[in-house]
Amino acid sequence: NHTNVIKFSGPLCLWLASALTLLVSHAALAAGTATLQHQGVEAYGAGSYDQALDLFSQAVANKPEDATALFNQGTALYRLGRFSEASQSFAASAGLDKNLKSRARAAYNQGRALLAAAGASQEPAKKKELLLAGNQAFQQALRADPGLKAARKGIADFRTAYAKVKEQETQAKQRQQQPGDKGQKQEQQDQTGQGQQDLEKKLTEAGQQQQDMANQSKEASAGKGQEGASPEQLQDKAAQQQSVRQSLEKIKEELSKDQEGGPDSKELAKELEQAISAQKKAEEALKQGDLKQAQQHQQKAADSLQELAADQKEQAAQAARAKAGEEKQDDPAAQASAAGQQQENDQGREAEKTDSTVADILDGEKALHEMRRLRMKQQRPASGKDW
């Protein structure tokens, strides 16, 4: 069993990217690493992260298969800003821990470390690679513990960060473009937008097919579909999986040949290879009758395809917004309307100013008239007789 031994600013510090917690294993204590673990926890709590890392690393060296020592090593590395190394420690911990909830925590922290490493990277390609790896870690955490809400938040943060990187790449390309014929440029934009929509549709359909197959395998492995476990049915499922994979390979081949798409198309083709690889493993598992393994690989492929479809949808929306902005700038009628509205607003402000000036003048005249009336009244001789 794993228990939290240090609490920071909140009761669920493990779920905060800036406040990761530590774990101590009673089994590890019994195995002779008690002193190192205890000293490491004390050093970490005192903010001496370098010292804590040294102690936890010694514990790992003494017992490389200790998932808790690896987890705590990753936490200290994260605090020191060594995010890539931290992600490796968390990944190793997740791979060794038998407790599902502890494994989910390690995978979640791995995802957070990868997102932090992406934020520190200056290379767009490297950023995307780290972000995608972080998303896979969050997905792994959810599979180990479906109730881990922090992992869902991590996935949402991944999507936001990934869309931002793609937008920055788009803006950089637009700045590099040389001015040319507007009609040709507009035609290229229209073709790009339509291509993104078509690709998003294909990826969405493939992702849904893959998700359906993953659900069927899950039900069959749980005993809800015994007829799906017969050799004939398993072969049929493997054939279906192969069909979905081949359709995805065609998309990848088209992207690889797309010269106009440039680095984006090649990058997407590379990302599709991850889903294709998972599909191949699912086929082999189905042929061997291992429905559980097949379901895991199918779910991984489905998650990857759904993320790519969401990314294409966002890119298409950004292209549509950019096109609408350019059309508004180039539209003489829209410009004239905006200029007319501005002139009308200016005239309104001038009218308000004039009205205010007139009111001030009238008020001043009334005040002057009243002062004269009072002065004249004071200068009049007192009425009545003095004899």
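In what follows, every heavy atom counts, from backbone to side chain, and hydrogens, waters and symmetry copies are set aside.
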Check whether [X] and [Y] end up in the same hydrophobic cluster, where Ile, Leu, Val, Met, Phe, Trp and Tyr are linked by side-chain heavy atoms less than 4.5 Å apart.
X      : Y      : value
Val165 : Leu132 : yes
Ile276 : Leu199 : yes
Leu142 : Leu131 : yes

Do you know the tightest heavy-atom contact between [X] and [Y]?
X      : Y      : answer
Leu70  : Pro64  : CD1-O, 3.6 Å
Ala104 : Ala144 : CB-CB, 3.9 Å
Phe56  : Gly40  : CZ-C, 3.4 Å
Ala137 : Ala107 : CB-O, 3.5 Å
Asp97  : Ser102 : OD2-CB, 3.2 Å
Asn99  : Lys101 : OD1-N, 3.0 Å

Do the charged groups of Glu314 and Arg159 touch, with an N to O distance under 4.0 Å?
no
Judged by atom type as modelled, is there a donor-acceptor pair below 3.5 Å linking the side chain of [X] to the main-chain atoms of [Y]?
X      : Y      : result
Ser247 : Val244 : yes
Ser48  : Tyr44  : no
Ser243 : Ala239 : no
Ser277 : Glu273 : no
Lys127 : Ser121 : yes
Ser304 : Lys300 : no

Can you find a pair of side-chain heavy atoms, one from [X] and one from [Y], that are under 4.5 Å apart?
X      : Y      : value
Lys128 : Lys166 : yes
Tyr108 : Asp145 : no
Gln246 : Gln242 : yes
Arg103 : Leu100 : yes
Leu53  : Arg82  : yes
Leu114 : Phe83  : no
Leu36  : Leu55  : yes
Tyr78  : Glu85  : no

Interatomic spacing from [atom1] in [X] to [atom2] in [Y] - rounded to 0.5 Å:
X      : Y      : atom1 : atom2 : result
Leu234 : Leu291 : CG    : CG    : 5.5 Å
Lys287 : Gln235 : NZ    : CD    : 7.0 Å
Leu248 : Gln209 : CG    : CD    : 10.0 Å
Leu130 : Asn135 : CG    : CG    : 12.5 Å

Enumerate the residue pairs fulfilling ring pair (Phe, Tyr, Trp, His ring centres under 6.0 Å) with a member in residues 287-324, sequence neighbours excluded, ordered by first and then second residue.
none
Crowding at CD, Glu65 (>12 non-hydrogen neighbours, <6.0 Å):
yes
Consider side-chain hydrogen bond (donor to acceptor under 3.5 Å, both in side chains). Of Lys201, Lys202, Glu200, which one does Thr204 pass it with?
Glu200
If only side-chain N and O atoms count, and only distance matters, is there a donor-acceptor pair under 3.5 Å linking [Y] with [X]?
X      : Y      : value
Gln279 : Gln298 : no
Asp212 : Gln208 : yes
Gln58  : Asn62  : no

Evaluate the criterion side chain to side chain contact (heavy atoms under 4.5 Å, CB included) for residue pair Glu284 and Lys280; output intermediate values, then yes/no.
CA-CA 6 Å; Glu284 291 301 319; Lys280 288 179 180 178; 5.9 Å; no
Audit row: Gln174, Thr170, side chain to side chain contact (heavy atoms under 4.5 Å, CB included) steps and yes/no:
CA-CA 6 Å; Gln174 289 174 348; Thr170 301; 3.8 Å; yes
Check against salt bridge (charged side-chain N to carboxylate O under 4.0 Å, His left out), Lys173 and Glu169
CA-CA 6 Å; Lys173 287 179 182 178; Glu169 284 184 332; 5.8 Å; no
What verdict does the side chain to side chain donor-acceptor pair (under 3.5 Å) test give for Gln136 and Gln274, after you've listed the backbone C-alpha separation in whole Å, the side-chain angles of each residue and the deciding distance to 0.1 Å?
CA-CA 11 Å; Gln136 291 296 327; Gln274 297 179 7; 4.6 Å; no
With sequence neighbours left out, what residues match Gln299 under side-chain contact (heavy atoms from CB on, under 4.5 Å)?
Arg143, Gln211, Ala214, Gln295, Ala302, Asp303
Can you list the steps and then say if Ile251 with Leu268 is a side chain to side chain contact (heavy atoms under 4.5 Å, CB included)?
CA-CA 10 Å; Ile251 296 175; Leu268 181 55; over 6 Å; no
Kindly list each side-chain donor-acceptor pair under 3.5 angstrom involving residues 150-158, sequence neighbours excluded, with atom names and distances?
from	atom 1	to	atom 2	distance (Å)
Arg152	NH2	Pro146	O	3.4
Lys153	NZ	Asp157	OD1	2.8
Lys153	NZ	Asp157	OD2	3.0
Asp157	OD2	Arg112	NH1	3.1
Asp157	OD2	Arg112	NH2	2.8

Going through the distances and angles, do Gln140 and Gln110 end up as a side chain to side chain contact (heavy atoms under 4.5 Å, CB included)?
CA-CA 10 Å; Gln140 180 185 348; Gln110 179 193 359; 4.2 Å; yes
